[in-house]
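Below you'll find the structure, written out as structure tokens, and then a few comments.
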Amino acid sequence: MKALQYRTVGAPPEVVTVPDPEPGPGQVLLKVTAAGVCHSDIAVMSWSADQLPFPLPLTLGHEGVGTVAALGAGAEGVAVGDAVAVYGPWGCGSCAKCAEGKENYCLRAAELGIRPPGLGAPGAIAEYMIVDSPRHLVPLAGLDPVQAVPLTDAGLTPYHAVKRSLPKLVPGSTAVVIGTGGLGHVAIQLLRAMTAARVVALDVTEDKLALARAVGAHETVLSDAGAAPAVRELTGGRGAEVVLDFVGAQPTVTAAGAMVAVEGDVTVVGLGGGTLPVGFGALPYEVSVASPYWGTRAELIEVLDLARAGAVDVHTETYGLDDAPQAYERLHEGRVNGRAVILPNG
Ligand SMILES: [Zn+2]
Ligand SMILES: [Zn+2]
């Protein structure tokens, strides 16, 4: 079968032919309908050989939906032909965190060498993929595959981030979304669907801010040195109760700290590597800073339910598998509005 692989450190990904995968005991073989292209892959492909936590070659794609093509011995709970979405942050399934459905925080994944598809295990940008357990599949139940596939990361990750701050997002509060790309433009819609907060979106181009307004941002601000003062001004000096940073680079993380309100939350989601000092006087009183990772199995079910209710409309552009390298190129150049989706069997 054909697959998009990252093969050499620092080189662009290539479409190659690899052996057809066979499901082992307990595993599920999916015929991939759609796979998402995520900016975190570009971060991974910028790492040096020493920083890479898994060997190459790697089939990319940590967002996948497909139809069940075959079941390994003993795999139960899904049937051949079922349309399903893949829960990506695989864990052991039995530690205390996994028992809560928080496989994204599995206590044993590192020790057992369990890695997510596309981030260590063979990913979704291929004609077929192996899912290690039916536990990691959620029925699409009528959702359009192209619309649904970004929800497995670009929906689930911001959903988890918003959920942590729900008690602070009361009427009259302000939520700032920094970076309105794949995750950020979904975050704006989730904030609108889940809260009464005023949503302020920050990005570096007017194009991206136009998309942010189209998907529900009340206000938009160019993300530059004037952004934090602008947010303070929009909030009467108070600052934003919640700042979600989907870039996570040093300038945006610093700006997040400068625009957050007393008792607010700063949540750094982006893999930009920026850090925010915490200590008396470094931030407004009682600000909480967190860097979450992905989301829980239950939250993926909730996100898909929200999409089924019509609350989330992901902007997508689609590519065939042969054009997948161009999708990464365009994303790297900042030219994708919303999410690029690969149709490996399209
Ligand atoms: Zn991602
Ligand atoms: Zn676990």
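Numbering of ligands and ligand atoms starts at 1, following listing order.
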| field | Check: Tyr87 main-chain N/O paired with Trp294 side-chain donor or acceptor under 3.5 Å | value | no
| request: Apply the side-chain contact (heavy atoms from CB on, under 4.5 Å) test between Arg339 and each candidate in Glu63, Gln147, His315, Glu317; give the one that qualifies. | output: Glu63
| query | Which angle, to the nearest 10 degrees, do you find at the Zn ion (ligand 2) between SG in Cys95 and SG in Cys98? | reply | 110°
| message | Any heavy-atom pair between the side chains of Lys208 and His185 that's under 4.5 Å? | response | no
| field | Stepwise side-chain contact (heavy atoms from CB on, under 4.5 Å) check, Leu56 with Tyr6 | value | CA-CA 7 Å; Leu56 299 183; Tyr6 179 46; 3.6 Å; yes
| said: Parallel, tilted or perpendicular: which one describes the rings of Tyr285 and Phe280, with boundaries at 30° and 60°? | reply: tilted
| Nearest non-hydrogen partners of Thr252 and Asp245, listed with the distance | OG1-OD2, 2.8 Å
| said: Less than 2.8 Å away from the Zn ion (ligand 1), how many protein N/O/S atoms can be counted, ignoring water? | reply: 3
